[in-house]
Number of protein chains: 4
Amino acid sequence: MANSRQQQAIETKNRLLKAAELVFLEHGFQNTTIRLINNKAETGHGTAYVYFKNKEDFLIKIMEDTMEQFTKIASIPFHPATSNEAYELVSNQVKLFLSLAIKKKELMKVFKEAIGVSKEVEARWQDIRDQFTASITKDIMYAQEYKLADSSLSPSLVARLWFYTNEMFMWEVIHESPSNDIEDIIKHMTTIYMKGLYSNPQQ
Amino acid sequence: MANSRQQQAIETKNRLLKAAELVFLEHGFQNTTIRLINNKAETGHGTAYVYFKNKEDFLIKIMEDTMEQFTKIASIPFHPATSNEAYELVSNQVKLFLSLAIKKKELMKVFKEAIGVSKEVEARWQDIRDQFTASITKDIMYAQEYKLADSSLSPSLVARLWFYTNEMFMWEVIHESPSNDIEDIIKHMTTIYMKGLYSNPQQ
Amino acid sequence: MANSRQQQAIETKNRLLKAAELVFLEHGFQNTTIRLINNKAETGHGTAYVYFKNKEDFLIKIMEDTMEQFTKIASIPFHPATSNEAYELVSNQVKLFLSLAIKKKELMKVFKEAIGVSKEVEARWQDIRDQFTASITKDIMYAQEYKLADSSLSPSLVARLWFYTNEMFMWEVIHESPSNDIEDIIKHMTTIYMKGLYSNPQQ
Amino acid sequence: MANSRQQQAIETKNRLLKAAELVFLEHGFQNTTIRLINNKAETGHGTAYVYFKNKEDFLIKIMEDTMEQFTKIASIPFHPATSNEAYELVSNQVKLFLSLAIKKKELMKVFKEAIGVSKEVEARWQDIRDQFTASITKDIMYAQEYKLADSSLSPSLVARLWFYTNEMFMWEVIHESPSNDIEDIIKHMTTIYMKGLYSNPQQ
DNA sequence: TATGAATGAGCTTTCATTCAT
DNA sequence: GATGAATGAAAGCTCATTCAT
């Protein structure tokens, strides 16, 4: 069959990807070498180079696959009728986001390391950030249109601010021993974001 | 004389530090080698090892010296009588913080790179974060005590949130071509932080 | 049909040869790889191996084809009646030889490189040298027979000497910026060869 | 002693050079690796790189040292009073040149290979050629001044021609089984160069 | 205190080559 | 006849680090 060759190639590539993920998890990004990946995949020294340019290439592929699950969360429909409803939707989204990150904890740590080390990975992460903020921007514009949110603020700037907060707490919670309970973090993030610190809550 | 020897040692150390800063600025953190630093300082291959364990050691010393100027901003007295006054004080502090970062732009980029690459530097950066958040925590507690800020929120958690926002926009602005004007960023950060997105400002 | 298969084989071989020449011209001999040739010919990785053992094999085939044009010059009939006539014939032959080399300049450079790098190519070039010197030897013997040339000298040794001179100036002129005008080179070569440096021409 | 360190460095460099020469003689230029040189010199893997950039660097140093002995031959005083005396001087010089080459046979073969393979070595060989031709040029000008040689010919062009002849026969004789006896080669070279092929010797 | 000669670990990378299809 | 997936050999090279002076 003509396809069996292609089939075999795809299988080899997947075996390499699986192996790469294991090696990254075991050794971290900086200590991973192409050699370790080939050893784990039980492929020849040159084989990894047939499919991937370097270890960044491996990581970016794994990162993209993983982050797809995150972007699904970002694209949850956001059409609140009231402030309270908005609060619920936003708070729920944060919860899903942080929970997924905790679930993928070890992998997220590898990504964090790789983002710091490799310009290429960092650029790819910035792309992912841009996807998130684009999605958040739309949500903010919806809320402004329906007079739920302050229309004098720039949606895209606020979107970045909001994503940054999410990202930073995400990096915090994936590390051992979070200083606070996740629910508490979510409550604080959402409250400040939506009501501000100096607004009097009793009113 | 014992003193002249001590004197010489201090001078050598300073010459190495000056050289290290220049090399870091020229080559970035990852591409800097102890050899380059020794060359720039015109000291022997073994000399750097007398004073510094490795290149992280060099960077941490430089980072601490630089961040001292930032902590001065964090420790500006914060005793607002009204919300408006609080807004002014906070907004001014952000402005000083971002302006200083922009002034030290190139060095901050090196720090960012080093934080990503080296666990040791990252840990030291976390210490610096803790200093900032401790200071912010105190300010929040003051505002809560005087009924200016929502007392139901955890001061330390809010402090982290607030510092994270500052930090992320700081990394944003030190890179070329910020998407927005600095004043705009400051206004948005401070507004969301203090009044929230979903509070209606006109009311 | 059996014939169409043969036909196809010949066409593939020719496509590979054409591609090899282009790749050699573009990358030189050492930087040429079988892979590059296959890519240029748009054939599969294994195809080149069906027709050629290695890149030397490609080059030797191309070199033989090219040098055929040179050997035509070597076999121009040489039957001078006088010294002057001999001078004219020899000088004309050199001119044709150098002109052809200049015309094939880029290819000759590749040959030169290949001769230096590969023992196999060098051996093949020695064969070509032998063809030339055999032809020159005959010419010298003719001149000696007709008392035009010094009969005490060994025709084959002189033939080698004469070919070496031609070859070396040939390598010189195919490189950019020859120090002298071609006509001048020809005049000097032929004069020294035929009359010597220390014979007084005016007498 | 302050010098003992320098002394040690010089000794190491010399040990490496000696080792390199042996390895080049044993394996030829292309098959020589820095690793083989380090092994032979019993130095660490990195030591060769302290003193030499790459294997070309090794070879060029060895080539320069060797060729110094050749340039001594080129600079033998040349002040003939008669044609015969000139013949004797020239013929003697060729003899010394070829004899030295034969003595250094194996090394010359390595140089030949290296010249063909490496642009850098080739360029260095061209420098050596230029030294020789400069020296020959002076000799020719002397002969022209004293009316021993044809003044209508360009000294530098003739010098190149003469050196090329010497060089080519040199490469010939360093290879096994020379077709002719060295004395014969010298006689022919010198005769053609000085008297030409078509001058009648009896006159 | 300062030096700098020497070390060696070990990863990356390329490519000719094979062989099942 | 043509293909292309897979292999693996092996050299280059860098740099932190040591230690005798």
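In the text below, chain A, chain B and the rest are named by the order of the sequence lines, each starting its count at 1. Values below: all heavy atoms of this structure, side chains included; hydrogens, waters and symmetry mates excluded.
- Distance His45(D) NE2 to dC15(F) P: 18 Å, rounded to the nearest Å.
- The CG-P distance, from Asn39(C) to dG4(F), rounds to 11 Å in whole Å.
- Between the C1' atom of dA11(F) and the OH atom of Tyr49(D) lies a distance of 7 Å, rounded to the nearest Å.
- A salt bridge is defined here as a Lys NZ or Arg NE, NH1 or NH2 lying under 4.0 Å from an Asp or Glu carboxylate O, and Lys109(B) with Glu106(B) meets this definition.
- Taking atom CD of residue Gln30(C) and atom C1' of nucleotide dT14(E), one finds them 15 Å apart after rounding to whole Å.
- Picking from dA2(F), dA6(F), dT3(F) the nucleotide with the shortest atom distance to the side chain of Tyr51(C) gives dA2(F).
- The distance from atom CG of Asn31(D) to atom P of dG12(F) is 11 Å, rounded to the nearest whole Å.
- Counting non-hydrogen atoms under 4.0 angstrom, Lys53(C) reaches the backbone sugars and phosphates but no base.
- Checked by distance alone, Arg35(B) brings no side-chain donor or acceptor within 3.5 Å of a matching partner on the base of dT14(F).
- Separating the CD atom of Gln7(A) from the P atom of dA5(F) is a distance of 13 Å, rounded to the nearest angstrom.
- Regarding contacts with the backbone of dA6(E), every side-chain N or O of Thr47(D) stays at 4.0 angstrom or more from both OP1 and OP2.
- Nearest-nucleotide positions on DNA chain F place Glu42(C) closer to the 5' end than the other of Ala48(A) and Glu42(C).
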For this session: Using the side-chain hydrogen bond (donor to acceptor under 3.5 Å, both in side chains) rule, take Gln8(A) and Arg5(A) through it: C-alpha gap first, then chi angles, then the decisive distance, then the call.
Result: CA-CA 5 Å; Gln8(A) 198 190 347; Arg5(A) 278 251 267 262; over 6 Å; no
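- Side-chain proximity of Ile34(D) to dG1(F), dG12(F), dT3(F): nearest is dG12(F).
- Residue whose closest nucleotide on DNA chain E sits further toward the 5' end, between Thr32(A) and Gly46(D): Gly46(D).
- Checked for salt-bridge contact, Lys61(D) and Asp57(D) miss the test: no charged N lies under 4.0 Å from a carboxylate O.
- Pair check for dT21(F) finds dA2(E); Watson-Crick or G-U wobble, both atom distances under 3.5 Å.
- Protein atom NZ of Lys55(C) is 15 Å distant from nucleotide atom C1' of dT17(E), rounded to whole Å.
- Comparing atom distances between the Arg5(D) side chain and each of dC11(E), dA5(F), dT3(E) picks out dT3(E) as nearest.
- Judged by closest nucleotide on DNA chain E, Thr12(B) is the one of Asn54(A) and Thr12(B) placed further toward the 5' end.
- For the 3.5 Å distance criterion, the side chains of Asp127(B) and Gln131(B) fail to qualify, holding no donor opposite an acceptor.
- Between the C1' atom of dA2(E) and the CZ atom of Phe52(B) lies a distance of 15 Å, rounded to the nearest Å.
- Here Glu21(A) does not pair with Lys18(A) in a salt bridge; the nearest charged N to carboxylate O distance is not below 4.0 Å.
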